[in-house]
Protein chains: 2
Amino acid sequence: MENSPFDLTYQNQGVDGKIIAALERVSQAFRVLLWNESKAYSLSPIQVQVLIFLLHHTEEKRKVSYLANEFNMTKATISDTIKTLEQKTLITKTSETHDTRSYTIHLTPKGQEVAARTSLFAREIQAPIGRMHPADQENLLLSLFDIIRHLNKAGVITLQRMCFTCAYYRPRHGDTEHFCQLLHRNLENMQLRIDCPEHAYAQ
Amino acid sequence: MENSPFDLTYQNQGVDGKIIAALERVSQAFRVLLWNESKAYSLSPIQVQVLIFLLHHTEEKRKVSYLANEFNMTKATISDTIKTLEQKTLITKTSETHDTRSYTIHLTPKGQEVAARTSLFAREIQAPIGRMHPADQENLLLSLFDIIRHLNKAGVITLQRMCFTCAYYRPRHGDTEHFCQLLHRNLENMQLRIDCPEHAYAQ
DNA sequence: CCACATAGTTAGGAATCCTATCTTTGTGGG
DNA sequence: CCCACAAAGATAGGATTCCTAACTATGTGG
């Protein structure tokens, strides 16, 4: 065995190195899938992302500044994207608030249709996840939560709507229990949210 | 409890939906980190990726076509990137093979230095992984392997150097054991490679 | 009411990444 | 031997991404 010419601990492929490499592959897959989907509908990747976001989020989040923050881009970039989407009659703007500087973005019926269809771009990634054992799913999700939580603390990802960054969230018994002050109850691991519509920022 | 105005199974946030969303967040983090690192060294993201790849891979993989396949881009894009890197004296070309159409790319000392430094761009993601329990690391890695294997079969990711797509790989006892015909032995879960230098394609 | 912050737009430019078209070189029948 | 074809890479040109910087217009607070 010692005579093997191959070193099993080759290069930086410790466990964490392997996990990083694997996550990078998955990231690449997302990029490729999103790119393909975009081309299929003659849209840009960011346009598709915006459409999908609009499909799943409420009024107060459907603004230029919010989207810019969400996608780590400048307002200029989003402003441009919105202009294009409007020209394609996929969205409309309404300024129903009393702040006339701002407006809310809405999907047109056509926009909803496109958004619904393109939102399936990740279905290839969903398939193997659906086949996993529930226990493995739970472990995977918790690991990812952990990573994201760290990235959030480190300032890499600025915006979150996950429980751990919410004003209503209270850890109990040293992180093993999760109490939501809005729902007034403990959340199971699988009930923790990554995109909660009621998320409130801690000050 | 039933009176709660909030539906815990809100939107597509079943387990797999949450995992997809989480993976997307991590992907975004990679993008942001890579972008930051690029700007810090006045390079483009793809230039950084190429430099890092060159640092870790051998001769026969350091060619334009291989890189194009690796990063899911056209040869034109890579050709351009290489030209720029050469102008920046970060790489050199040598045509030591007998096929004079092609050449091999080498890092200059300066290129190695930059590559080594930028290769740390993912360290923020590595930190939380390093702190996880070994068992959780193993679960995470196996789950990601599973997803990538599927993406590979589905043709989303064309190129791999992981055991599951290798000509030397033989599953045993229904996927619970992994035999490498090159090493002539079973591999433990944690010995499975995601970027094996000896990977050979199955025909 | 004036200074300042905030929402969004515009202009201009660097960079990404493509398609399509080339040149050159290797390869495999007939 | 040669001719057709494939394969490696380069080049030109263009659509798109995404930025910075400067701008307009509106809200807010001492």
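Per chain, numbering begins at 1; letters A, B, ... match sequence-line order. Since the structure is predicted, the reported quantities are computational estimates derived from the model, not experimental observations.
- Summary of the strand contacts: A/Trp35 and B/Ile82 both lie near DNA chain D, and taking for each the nucleotide with the nearest heavy atom, the more 5' one is attributed to B/Ile82.
- Nearest nucleotide to the A/Ala76 side chain, out of D/dC19, D/dG9, C/dA7: D/dC19.
- Taking atom CG on A/Asp80 and atom P on C/dT10, their separation rounds to 9 Å, with Å as the unit.
- A residue-by-residue look at A/Ser79 and B/Leu43 shows that A/Ser79 has its nearest nucleotide of DNA chain C further toward the 5' end.
- A/Ile46 comes within contact range of the sugar-phosphate backbone alone, with a heavy-atom separation under 4.0 Å but no base atom that close.
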Item to check | Stepwise salt bridge (Lys or Arg N to Asp or Glu O under 4.0 Å) check, A/Lys75 with A/Glu70 | outcome: CA-CA 11 Å; A/Lys75 285 189 294 178; A/Glu70 172 78 17; over 6 Å; no
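- Computed from coordinates, the A/Leu34 CG to C/dC18 P distance equals 14 Å when rounded to whole Å.
- The side chain of B/Lys93 contributes an N or O atom lying less than 4.0 Å from OP1 or OP2 of D/dA10.
- Residue A/Thr100 places no side-chain N or O under 4.0 Å from the OP1 or OP2 atom of C/dA7.
- Taking 3.5 Å as the limit, the base of C/dT24 and the side chain of B/Arg101 contain no donor-acceptor pair of atoms between them.
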Checklist entry - Hey, mind stepping through B/Arg25 and B/Leu23 against side-chain contact (heavy atoms from CB on, under 4.5 Å) and telling me if it holds? => result CA-CA 5 Å; B/Arg25 282 287 172 201; B/Leu23 287 172; over 6 Å; no
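- In this model, the phosphate group of D/dA10 is approached by a side-chain N or O of B/Tyr103 to a distance below 4.0 Å at OP1 or OP2.
- Distances from the side chain of B/Ser102 to the nucleotides D/dA8, D/dT20, C/dT9 place D/dA8 closest.
- Along DNA chain C, the nucleotide closest to B/Gln47 and the one closest to A/Lys39 are compared, and the more 5′ of them pairs with B/Gln47.
- Across the protein-nucleic acid pair, B/Lys75 atom NZ and D/dA12 atom C1' stand 16 Å apart, rounded to whole Å.
- Atom pair B/Asn36:CG and C/dA15:P shows a separation of 17 Å (rounding to whole Å applied).
- Taking atom NZ of residue B/Lys63 and atom P of nucleotide C/dG26, one finds them 12 Å apart after rounding to whole Å.
- In this structure, the CD atom of B/Gln87 is 12 Å from the P atom of C/dA15, given to the nearest Å.
- Aromatic rings of B/Tyr169 and B/Phe179 (six-membered ring for Trp) have centroids beyond the 6.0 Å cut-off, not under it.
- Among the protein residues, A/Thr77 comes within range of the nucleic acid bases, having at least one heavy atom under 4.0 Å from a base atom.
- Put simply, CG on A/Asn69 is 13 Å from P on C/dT6, counting in whole angstrom units.
- Atom-to-atom, CE of B/Met73 to P of D/dG9 comes out at 17 Å; the value is rounded to the nearest Å.
- As judged by a 4.0 angstrom heavy-atom cut-off over every strand, A/Thr74 is placed among the base-contacting residues.
- At least one donor-acceptor pair closer than 3.5 Å links the side chain of A/Arg62 to the backbone N or O of A/Ile105.
- With hydrogens and angles disregarded, a donor-acceptor distance shorter than 3.5 Å links the side chain of B/Thr84 to the backbone of B/Asp80.
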